[in-house]
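What follows is a single structure, written as structure tokens, with notes after it.
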Amino acid sequence: MKIVTWNVNSLAARLPRVVEFLGLHDPDIVCLQETKSESAAFPSDELAAAGYQSVEHSAGRWAGVAVLARADRSLVGTAGGLPGELRTEEARWVEATVDGLRVASAYVPNGRALGSPTFDEKLAFLDAIAARVERVAAAGEQIVVTGDLNVTRDDRDVWDPAAFAGSTHVTPDERTRLEAILEAGDLVDAYRYVHPDDRQFTWWDYRQGHFHRGMGLRIDYVLLSRTLAPRLERCGIERDFRKGVKPSDHAPLVAVIG
DNA sequence: ATGTCACACCGTGTGTGA
């Protein structure tokens with residue numbers, strides 16, 4: 001089972017790259033973030049033509065999340081929205097059961113600046129994820145939480161920790177909440193499980209040639225139930241999709257469980 | 001160096017969010 005998470009920074013702008021990716025990697029499940037689409041404009045037909053069924057949770061020009069499942073997989077129990085989230089209109093969480101796995105695609109608020117109202121909303125969203133995974137785990141389901149969590153787990157996930165002093169994405173407030181999500185669902189960070197010592201990133205700012213200068217962050221995750229971890233065959237970041245024609249500022253993260 | 005991108009809006013540029 002190949003599971004992918006990818007913040008595409010507009011699905012309309014990225015559709016050619018997404019279809020290219022589907023053809024190249026033949027994933028079973030693809031979780032998308034920042035689809036930036038109206039529901040009515042979501043490219044379900046184009047994705048179906050590429051062999052994928054989809055569930056989307058959309059809010060127009062900002063945010064928006066989706067879960068794609070290859071046509072031969074079972075996609076049931078779809079639900080948009082995160083119980084307890086403050087801004088239900090923002091479309092930052094969608095979940096579905098794919099072949100028995102409870103899969104979520106999450107786009108955590110950026111937070112903008114420490115102490116801002118949106119930073120508090122970011123922390124509250126992370127708390128709501130922890131509450132949700134605890135509930136799903138208690139129901140005995142196997143969980144795969146994916147997405148752009150907009151938090152680095154530790155300083156290895158930051159190209160230059162000193163450059164982020166006083167910024168979001170690196171604070172103890174955010175990192176302790178990410179750890180709390182892992183604990184609440186008894187989940188593991190798939191990339192870190194497979195690569196305990198590597199320093200690779202999933203996001204690079206478009207500006208200033210950050211990608212080519214190695215100036216990135218690891219903020220996109222596949223978190224899965226600890227019981228699934230021994231089945232992890234690989235987990236990698238597809239950096240080639242951060243290059244080429246009209247790339248997203250995020251690279252896809254791919255996890256394979258046997 | 002707020003140096004890039006994407007989207008909405010009557011717009012050939014500006015505001016907003018990342």
Side-chain angles (χ1 to χ4, degrees), chain A residues 5-21 31-43 46-47 56-66 82 85-94 105-126 129 146-152 157-160 162-171 173-174 177-178 201-221 237-253:
Chain A
T5 183
W6 192 7
N7 179 324
V8 290
N9 184 19
S10 168
L11 183 52
R14 220 64 60 210
L15 194 58
R17 300 305 301 269
V18 171
V19 171
E20 175 193 2
F21 184 91
C31 298
L32 302 176
Q33 301 86 36
E34 285 205 84
T35 50
K36 295 186 175 179
S37 178
E38 299 284 353
S39 274
F42 191 87
E46 291 87 340
L47 294 168
E56 48 86 23
H57 186 48
S58 303
R61 71 185 293 194
W62 306 124
V65 286
L82 176 63
E85 68 181 329
L86 296 172
R87 296 196 171 272
T88 55
E89 74 281 11
E90 287 193 346
R92 295 179 177 278
W93 180 272
V94 65
S105 177
Y107 176 47
V108 172
N110 174 287
R112 297 184 199 169
L114 303 188
S116 68
T118 52
F119 186 72
D120 292 337
E121 289 168 15
K122 177 181 194 174
L123 300 182
F125 195 92
L126 292 165
I129 294 177
T146 77
D148 176 1
L149 303 185
N150 267 320
V151 180
T152 56
D157 304 319
V158 183
W159 68 272
D160 180 7
F164 282 80
S167 298
T168 60
H169 294 62
V170 301
T171 65
D173 278 343
E174 295 161 285
R177 282 172 171 81
L178 176 50
F201 308 129
T202 62
W203 170 84
W204 302 259
D205 198 302
Y206 281 122
R207 292 170 285 196
Q208 303 173 253
H210 274 203
F211 177 70
H212 297 286
R213 295 160 69 190
M215 300 159 70
L217 301 176
R218 189 174 74 97
I219 54 177
D220 299 272
Y221 295 87
I237 297 157
E238 297 299 323
R239 295 179 80 261
D240 285 352
F241 278 83
R242 181 61 179 76
K243 310 174 188 172
V245 180
K246 279 172 75 79
S248 171
D249 47 352
H250 295 251
L253 174 65

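Labels below follow one simple rule: chain letters A, B, ... track the order of the sequence lines, proteins then strands, and each chain is numbered from 1.
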Sub-3.5 Å pairs of nitrogen or oxygen atoms, protein against nucleotides 9-11 of chain B:
none

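For the OP1/OP2 pair of B:dA18 and a distance below 4.0 Å, the side-chain nitrogens and oxygens of A:Arg112 include at least one atom meeting the criterion. Between A:Lys246 and B:dA6 there is a side-chain N or O to OP1 or OP2 distance below 4.0 Å.
For the pair A:Arg87 and A:Glu121, the salt-bridge criterion is met [side-chain N within less than 4.0 Å of a carboxylate O]. Salt bridge annotation for A:Glu174-A:Arg177: absent, with no cationic side-chain nitrogen under 4.0 angstrom from a carboxylate oxygen.
Both key distances under 3.5 Å define a Watson-Crick or G-U pair, and stretches of 3 or more such consecutive pairs in DNA chain B run B:4-9 with B:13-18.
For the P atom pair drawn from B:dC10 and B:dG15, the interatomic distance equals 14 Å after rounding to whole Å. With both ends at atom P, the span from B:dG11 to B:dA6 equals 23 Å, rounded to whole Å.
Ring geometry for A:Phe164 against A:Trp159 counts as perpendicular: the plane angle is over 60°, on a 0 to 90° scale with 30° as the lower cut. Classification of the A:Phe21-A:Trp6 ring pair by plane angle, with boundaries at 30° and 60°, yields tilted.
As rounded to whole Å, 19 Å separates atom C1' of B:dT4 from atom NZ of A:Lys243.
Side-chain atoms of A:Asn110 and A:Lys122 form no donor-acceptor pair, as typed in the model, at a separation below 3.5 Å.
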